[in-house]
Amino acid sequence: MAQRVFTLPRQQSLYPPSVLNPFVHRQRLSAADKARTIFLGIILLPLRIICIAIILLLAWPFAAIATYSQPPGGSVPLKEWKRRMIQIILKGLGRSMFFSMGFQVTVKGKVASPLEAPIFAVAPHSSFFDGIVCVLAGLPSMVSRPENLAAPIFGRILSSLQPVLVSRQDPDSRRNTINEITKRATSAGQWPQILIFPEGTCTNRSCLITFKQGAFIPGVPVQPVLLRYPNRIDTVTWTWQGYSFKQLCAMTMCQPFTRVEVEFLSVHIPTEEEKKDPVLFANRVRNNMATALNVPTTDHTFEDCRLMISAGQLTLPMDAGLVEFTKISKKLNLKWDHIRDQLDTYAAIAGASKGGRIGIEEFADYLKLPVSDVLRELFLLFDRNGDGTIDFREYVIGLSVICNPANTEETIQMAFKLFDMDDDGIITEDEFACILRSSLGVPDLDVSKLFKEIDADETRKLSYNEFKDFALKHPEYAKLFTTYLELQRCQLDTSEEDSYKSSEAKHTPVAKSKTPVSETAPIARSQICPEGYESDNVSTLDKKDD
């Protein structure tokens with residue numbers, strides 16, 4: 001096999017992360033733990049449910065008084081006496097409720113005042129039990145969906161906390177939420193402090209994923225708050241793959257006690273640079289929190305969860321959808337729908353393989369071509385870590401960085417002219433087979449299946465529009481074609497260099513010392529590079545710094 005003409009740079013930021021899947025919780029109880037949980041649950045579970053119900057019923061009247069005659073939507077802050085009543089009574093009842101559920105709480109650090117830090121940033125977020133931070137912080141406002149306010153009893157209690165409401169049905173939801181957070185955070189204490197889980201979704205606490213910018217756009221001081229659950233049995237982690245909500249509630253309340261540590265770190269006062277750049281502000285706060293927790297950071301986001309669920313629905317391993325969506329989408333300018341469509345194609349290729357990864361055989365089957373030197377060259381460009389397989393992340397990057405840039409109108413026209421050997425404006429199956437057999441070095445190659453797939457009108461002749469439509473939907477072929485041209489050019493340059501050295505050694509004309517170059521290359525240079533097409537147009541494709 002000829003050596004690759006141009007190596008493809010590998011940018012470190014696009015390598016797969018070396019952290020565990022943050023959206024899966026695989027812990028399973030041993031037989032002894034199950035027996036103990038069932039035995040204690042017979043006694044503890046009914047008692048704790050009764051206590052929780054009583055506490056909620058006691059809290060409801062005070063929440064109703066506080067919210068009586070308040071404008072809908074929480075557009076006006078509660079009066080001072082109402083807010084004080086809520087903070088004193090509901091805070092005490094909240095502590096009692098978590099105590100009745102068996103939580104043993106350890107608090108470190110000091111809670112900042114509203115003037116010191118209008119916003120709390122809490123991480124890692126791994127459970128609905130994380131609401132205990134709200135109680136310990138003095139019942140600040142939280143971000144919540146409007147639907148939660150309609151829940152019996154709990155909805156009224158939540159309303160008394162004056163949450164920032166965000167609706168997923170509202171296309172302007174994100175902007176309105178940020179405006180509301182900014183208004184409250186800069187109100188100089190007129191509104192309660194705001195508590196935000198900047199990760200935006202639940203994880204297994206093995207790392208800190210990307211922080212959303214909502215807590216950092218206002219540019220006000222933020223107090224980071226850490227959560228730890230140092231228990232031998234983890235019954236609180238509620239993420240995308242693992243125990244259900246009901247299972248976690250039952251198992252947690254069947255334990256004798258559940259330890260939780262809440263640490264209030266020093267307030268992070270943003271610099272002028274951070275005020276202008278919320279991403280920088282969020283990353284610095286996240287790095288400080290990760291250092292205190294002694295866990296790594298990763299660039300996964302909520303969109304990775306959506307891709308992970310989609311991968312599972314396509315019978316792929318759920319881990320296949322973890323691509324660090326936000327980072328890849330920003331670097332490669334990709335949208336959610338585009339990557340989701342690529343997941344469908346990837347599943348069609350990798351569905352039959354073990355582990356949901358693409359090997360050279362599956363890659364060849366998808367392209368309806370045999371394994372050849374040219375195909376291996378293309379496969380190596382996709383295989384970023386050199387393990388002999390392509391995962392979904394490598395597939396997305398490969399299409400965006402390698403194939404799509406090669407699939408230009410100029411490349412498609414050049415390819416069509418090469419296949420159209422008699423220059424009559426159409427490609428027959430014989431012409432198609434002749435060029436493919438020559439380019440791939442497979443004399444007995446059967447191209448009938450591939451030809452039929454391109455021949456949309458079933459006329460056994462390919463027009464330029466048919467050829468172009470297929471090429472745009474399958475950019476892998478464009479890069480396969482340009483890779484072949486590069487290999488041919490490499491052979492051509494090698495032949496010319498050998499010819500020159502030979503002629504110099506024998507002191508004879510070049511034409512007499514070596515076989516003509518046109519006989520060395522399977523296809524004449526004039527056919528490969530039509531007039532006006534510079535060789536650098538193809539060669540620079542692999543130089544792109546991804």
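Everything quoted here is computed from the prediction, not taken from an experiment.
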Leu226 side chain near Met289 side chain, heavy-atom distance below 4.5 Å: yes

What closest approach, in Å, do Arg184 and Ser141 show between heavy atoms, and which atom pair accounts for it? NH1-OG, 3.4 Å

Taken in chain and number order and not counting sequence neighbours, the residues that satisfy salt bridge (Lys or Arg N to Asp or Glu O under 4.0 Å) with Glu431 are none

Got a sec: does the CE of Met142 have more than 12 other heavy atoms crowding it under 6.0 Å? no

Please assess Asn465 against Phe470 for the test side-chain contact (heavy atoms from CB on, under 4.5 Å), listing each intermediate value before the final yes or no. CA-CA 9 Å; Asn465 288 334; Phe470 183 83; over 6 Å; no

Residues Ser448 and Asp446: side-chain donor-acceptor under 3.5 angstrom: yes

With heavy-atom distances below 4.5 Å as the criterion, would you say the side chains of Val447 and Leu369 are in contact? no

Of all residues at least two apart in sequence or in a different chain, which pass the side-chain contact (heavy atoms from CB on, under 4.5 Å) check with Thr301? Thr210, Glu303, Asp304, Phe325, Thr326

Can you list the residues that meet the side-chain hydrogen bond (donor to acceptor under 3.5 Å, both in side chains) rule with Asp457, with sequence neighbours excluded? Thr459

Partners passing side-chain hydrogen bond (donor to acceptor under 3.5 Å, both in side chains) against Tyr229 (at least two apart in sequence or in another chain): Asp130

Counting N and O atoms only, with roles assigned by atom type, does the side chain of Ser127 sit under 3.5 Å from a partner on the main chain of Val236, one being a donor and the other an acceptor? yes

Ile119 side chain reached by Gln223 side chain, heavy atoms, under 4.5 Å: no

Taking salt bridge (Lys or Arg N to Asp or Glu O under 4.0 Å) as the test, write out the residues that go with Asp387, two or more places apart. Arg357

Ion pair check, Glu273 and Arg284, cut-off under 4.0 Å: yes

Less than 4.5 Å apart, side chain to side chain, heavy atoms only: is that true for Leu322 and Phe23? yes

Side-chain donor/acceptor of Glu324 to backbone N/O of Asp299, under 3.5 Å: yes

May I ask you to check whether Trp238 and Phe245 place their ring centers less than 6.0 Å from one another? yes

Per the ring pair (Phe, Tyr, Trp, His ring centres under 6.0 Å) rule, which among Phe379, Tyr366, Tyr346 passes with Tyr395? Tyr346

By side-chain hydrogen bond (donor to acceptor under 3.5 Å, both in side chains) - contacts of Asp341 (at least two apart): none

Minimal non-hydrogen separation, Pro192 against Gln162, with atom names: CG-OE1, 3.5 Å

Between atom OG of Ser400 and atom CG of Leu334, what is the distance when rounded to the nearest 0.5 Å? 4.0 Å

Please check if any side-chain donor atom of Asn148 sits under 3.5 Å from a side-chain acceptor atom of Ser144, or the reverse. yes

Looking only at heavy atoms, which two atoms of Leu208 and Ala290 are closest? And how far apart? CD1-N, 3.6 Å

Could you tell me whether a side-chain N or O of Arg286 sits under 3.5 Å from a main-chain N or O of Phe211, the two making a donor and an acceptor? no

Taking salt bridge (Lys or Arg N to Asp or Glu O under 4.0 Å) as the definition, give me every residue that meets it alongside Lys276, ordered by chain and number, with sequence neighbours left out. none

Salt-bridge contact Lys449-Asp455 (side-chain N to carboxylate O under 4.0 Å): no

For the residue pair Asn21 and Asn204, what are the closest heavy atoms and their distance? O-ND2, 2.8 Å

Using ring-ring contact (aromatic ring centres under 6.0 Å, His included) as the criterion, list what pairs up with Phe281, not counting sequence neighbours. Phe216, His268

Answer yes when Arg376 and Asp373 have at least one side-chain N-carboxylate O distance shorter than 4.0 Å, and no when they do not. yes

Considering only residues two or more places apart or on different chains, which pairs with a residue in residues 200-221 satisfy salt bridge (Lys or Arg N to Asp or Glu O under 4.0 Å)? Arg205-Asp234

State which residues pass salt bridge (Lys or Arg N to Asp or Glu O under 4.0 Å) with Asp337; sequence neighbours excluded, sorted by chain then number. none

N/O donor-acceptor pair under 3.5 Å between Gln193 side chain and Ala112 backbone: yes

All side-chain hydrogen bond (donor to acceptor under 3.5 Å, both in side chains) counterparts of Ser372, not counting sequence neighbours: none

Please determine whether side-chain contact (heavy atoms from CB on, under 4.5 Å) holds for the pair Thr201 and Cys305, giving the CA-CA distance in whole Å, both sets of side-chain angles, and the decisive distance to 0.1 Å. CA-CA 9 Å; Thr201 189; Cys305 300; 4.2 Å; yes

Side chains of Thr203 and Trp240: donor-acceptor distance under 3.5 Å anywhere? no

List for me each residue that meets ring-ring contact (aromatic ring centres under 6.0 Å, His included) alongside Phe451, sequence neighbours excluded, and say none if there are none. Phe432

So Leu149 and Pro163, do their side chains get closer than 4.5 Å, heavy atoms only? yes

Under a 4.0 Å N-O cut-off, is there an ion pair linking Glu429 with Lys452? no

Electrostatic pair Arg340-Asp344, nearest N-O below 4.0 angstrom: yes

